[in-house]
*Asks:* 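Let me begin by handing over the structure; questions about it come next.
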Amino acid sequence: MTPLVSVVLPTLNRADTLQHVLPTITGQDCRPGSVEILVCDGGSTDETADIVAEIDAPNVRLLADAGASRAAARNTGIRAAQGTFVLFTDADILADPGLLRAHMAAHARHPGSAIVGREIQVSSLNDVSSVRGGLRRLHSLHPSWRRRLSWMFFLTGNASVRRSDLLRVGLFDESFAAYGHEDLELGYRLQQAGVRIRYDAAAVNYHWHPVDHVERLRKMESAGAATVRMFRKHRDPRILLGLGVNPITLGLHMLVGVCPPARRVLTDLAPRSAAVRAIARQEAYLTGVARAWSGREPGR
């Protein structure tokens with residue numbers, strides 16, 4: 001039986017979370033045979049292969065040496081997929097029992113669209129049950145009335161697209177090898193090709209990956225560099241404006257750069273203030289933008 005949906009799950013040395021994530025996908029409330037799960041391994045040296053083998057489910061396949069970057073691993077999964085639709089998730093994201101059913105229902109209502117679901121951050125495995133119990137009270141990234149999204153919200157921790165549309169626009173751009181924007185850039189091309197991106201709050205999953213402040217700063221700097229890479233590829237000024245790069249933000253970044261005391265304040269107060277951490281992350285993002293613009297792209 002040909003599956004209706006192929007779940008593409010990239011991973012690299014995430015056996016610690018994957019062992020909990022896979023059962024939430026194999027246990028979906030779906031018609032038997034309608035789903036295949038492709039674990040796209042970028043060359044893990046941990047117990048990833050053993051965990052997949054232990055699942056012992058005929059619809060789970062391990063694609064070894066799929067590519068070290070998320071873009072490359074996902075492309076391997078797309079090429080191997082047999083389903084009409086491809087649903088993207090990650091090795092640290094636990095699926096709500098009705099996740100796939102909600103995505104497929106959304107595609108039935110909106111043929112030809114890409115669907116982005118609701119991703120909820122959790123700090124521990126134990127949080128998932130309590131969060132699920134109070135789901136209606138939780139803040140959502142998008143208001144309940146929103147139905148259409150721009151490419152800026154095409155986040156592949158919880159998104160599904162027709163495989164034919166992915167092949168038509170050219171899959172993920174594997175030059176986005178460092179952290180950041182390989183999913184937004186694909187979303188941009190899908191939208192430019194006429195694929196509407198829709199939001200469905202009923203398609204829920206739980207992102208279990210607490211990141212400390214230092215790691216978040218590194219990721220934000222890398223994302224800033226990816227913004228420049230994306231703009232240079234498409235030469236669309238709306239990319240810069242949409243992703244927060246404009247004369248005002250760049251001017252403020254320059255002021256902080258020429259004022260060492262301001263940078264010290266950000267460093268000293270960040271551990272104690274969420275507002276200061278947010279400012280520090282924006283500063284790291286613009287640092288990545290500035291360095292990439294001058295040819296000193298982080299991580300490359």
*Asks:* Would Val60 and Ile93 show up in the same hydrophobic cluster when neighbours are defined by side-chain heavy atoms closer than 4.5 Å?
*Replies:*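 The answer is no; the residues belong to distinct hydrophobic clusters.
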
*Asks:* Can you find a pair of side-chain heavy atoms, one from Leu87 and one from Val8, that are under 4.5 Å apart?
*Replies:* no

*Asks:* Give a yes or no on whether the backbone of Arg238 and the side-chain of Asp236 come within a donor-acceptor separation of less than 3.5 Å.
*Replies:*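 Yes, Asp236 side chain to Arg238 backbone: donor-acceptor pair under 3.5 Å.
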
*Asks:* Are a donor atom and an acceptor atom from the side chains of Gln192 and His234 found within less than 3.5 Å of each other?
*Replies:*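 No - no donor-acceptor pair under 3.5 Å links their side chains.
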
*Asks:* With the side chain counted from C-beta on, respond yes when Ile115 and Asn158 share a heavy-atom pair under 4.5 Å apart, and no when they do not.
*Replies:*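 With C-beta onward as the side chain, the pair stays apart.
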
*Asks:* Can we say Arg229 and Asp173 salt-bridge, meaning some charged N sits less than 4.0 Å from an Asp/Glu carboxylate O?
*Replies:*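 No salt bridge links Arg229 with Asp173.
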
*Asks:* Decide yes or no for Trp151 and Ile239: does some side-chain heavy atom of the first lie under 4.5 Å from some side-chain heavy atom of the second?
*Replies:*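 Counting from C-beta outward, Trp151 and Ile239 do come under 4.5 Å.
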
*Asks:* Answer yes or no: is there a side-chain heavy-atom contact under 4.5 Å between Asp90 and Arg74?
*Replies:*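 Yes; the side chains approach each other to less than 4.5 Å.
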
*Asks:* Test your reading of the model: is there a side-chain donor-acceptor pair from Ser6 to the backbone of Val86, 3.5 Å cut-off?
*Replies:* no

*Asks:* Using a strict 4.0 Å threshold on nitrogen-to-oxygen distance, state whether Asp16 and Arg14 make a salt bridge.
*Replies:* yes

*Asks:* Thr287 side chain to Glu283 main-chain N or O, any donor-acceptor pair under 3.5 Å?
*Replies:* yes

*Asks:* Would you say Leu12 and Phe172 are hydrophobically clustered, going by side-chain heavy atoms of ILVMFWY under 4.5 Å?
*Replies:* no

*Asks:* So, do Leu243 and Tyr285 sit near enough that their side-chain heavy atoms are less than 4.5 Å apart?
*Replies:* yes

*Asks:* If every non-hydrogen atom of Met230 is compared with every non-hydrogen atom of Glu185, which pair is closest and at what distance?
*Replies:* CE-CA, 3.7 Å

*Asks:* Cation-pi check, Arg162 to Phe85: give yes when NZ or CZ is under 6.0 Å from the six-membered ring centre and within 45° of the ring axis, no otherwise.
*Replies:*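 No, Arg162 does not sit over the ring of Phe85.
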
*Asks:* Give a yes or no on whether Val39 and Ile55 share a hydrophobic cluster (residues Ile, Leu, Val, Met, Phe, Trp, Tyr; joining criterion: side-chain heavy atoms under 4.5 Å apart).
*Replies:* yes

*Asks:* For residues Phe176 and Met220: do they belong to one hydrophobic cluster (side chain heavy atoms under 4.5 Å, members Ile, Leu, Val, Met, Phe, Trp, Tyr)?
*Replies:*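 Linked, Phe176 and Met220 end up in one cluster.
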
*Asks:* Where is the tightest heavy-atom contact between Arg168 and Val195, given as atom of each residue plus distance?
*Replies:*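 In terms of heavy atoms, the two residues are closest at NH2-CG2, 3.6 Å.
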
*Asks:* Is NZ or CZ of Arg232 both nearer than 6.0 Å to the six-membered ring centre of Trp293 and within 45° of the ring axis?
*Replies:*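 The answer is yes; both the distance and angle limits are met.
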
*Asks:* Could you report the tightest heavy-atom contact between Gly180 and Ala226, atom names first, then the distance?
*Replies:* O-CB, 3.2 Å

*Asks:* For Thr24 and Val21, indicate whether the former's side chain and the latter's backbone hold a donor-acceptor pair under 3.5 Å.
*Replies:*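 Looks like yes, one N/O pair under 3.5 Å.
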
*Asks:* Keeping Asp96 on the side-chain end and Leu99 on the backbone end, is there a donor-acceptor pair under 3.5 Å?
*Replies:* no

*Asks:* Check for a donor-acceptor pair, side chain of Asp46 on one end and backbone N or O of Ala15 on the other, with a separation under 3.5 Å.
*Replies:*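 Answer holds: yes.
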
*Asks:* What are the two closest non-hydrogen atoms of Ala114 and Val161, and how far apart are they?
*Replies:* CB-CG2, 4.1 Å

*Asks:* Any side-chain heavy-atom pair from Leu149 and Arg198 closer than 4.5 angstrom?
*Replies:*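 Leu149 vs Arg198: side chains apart.
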
*Asks:* Are side-chain heavy atoms of Ile37 and Thr26 found at a separation under 4.5 Å?
*Replies:* yes

*Asks:* May I ask you to decide if Val276's main-chain N or O and Ser273's side chain share a donor-acceptor pair within less than 3.5 Å?
*Replies:* yes

*Asks:* With a 4.5 Å heavy-atom cut-off, do Glu221 and Arg291 have their side chains touching?
*Replies:* yes

*Asks:* Ignoring hydrogens and angles, tell me if any N or O in the side chain of Arg70 forms a donor-acceptor pair with the backbone of Thr11 under 3.5 Å.
*Replies:*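 Pair absent, no side-chain N/O of Arg70 close to backbone of Thr11.
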
*Asks:* Is any side-chain N of the basic residue among Arg218 and Asp212 closer than 4.0 Å to the acidic one's carboxylate O?
*Replies:* no

*Asks:* Hydrophobic clustering (ILVMFWY, side-chain heavy atoms < 4.5 Å, transitive) - are Tyr179 and Trp208 grouped together?
*Replies:*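 They do not share one cluster, since no chain of ILVMFWY contacts under 4.5 Å joins Trp208 to Tyr179.
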
*Asks:* Only one of His107, His103, Arg109 clears side chain to side chain donor-acceptor pair (under 3.5 Å) with Asp200; which?
*Replies:*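 Passing option: Arg109.
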
*Asks:* Give the C-alpha distance, both sets of side-chain angles, the deciding distance and a yes or no for ring pair (Phe, Tyr, Trp, His ring centres under 6.0 Å) between Phe88 and Phe154.
*Replies:* CA-CA 11 Å; Phe88 298 107; Phe154 186 72; 7.1 Å; no

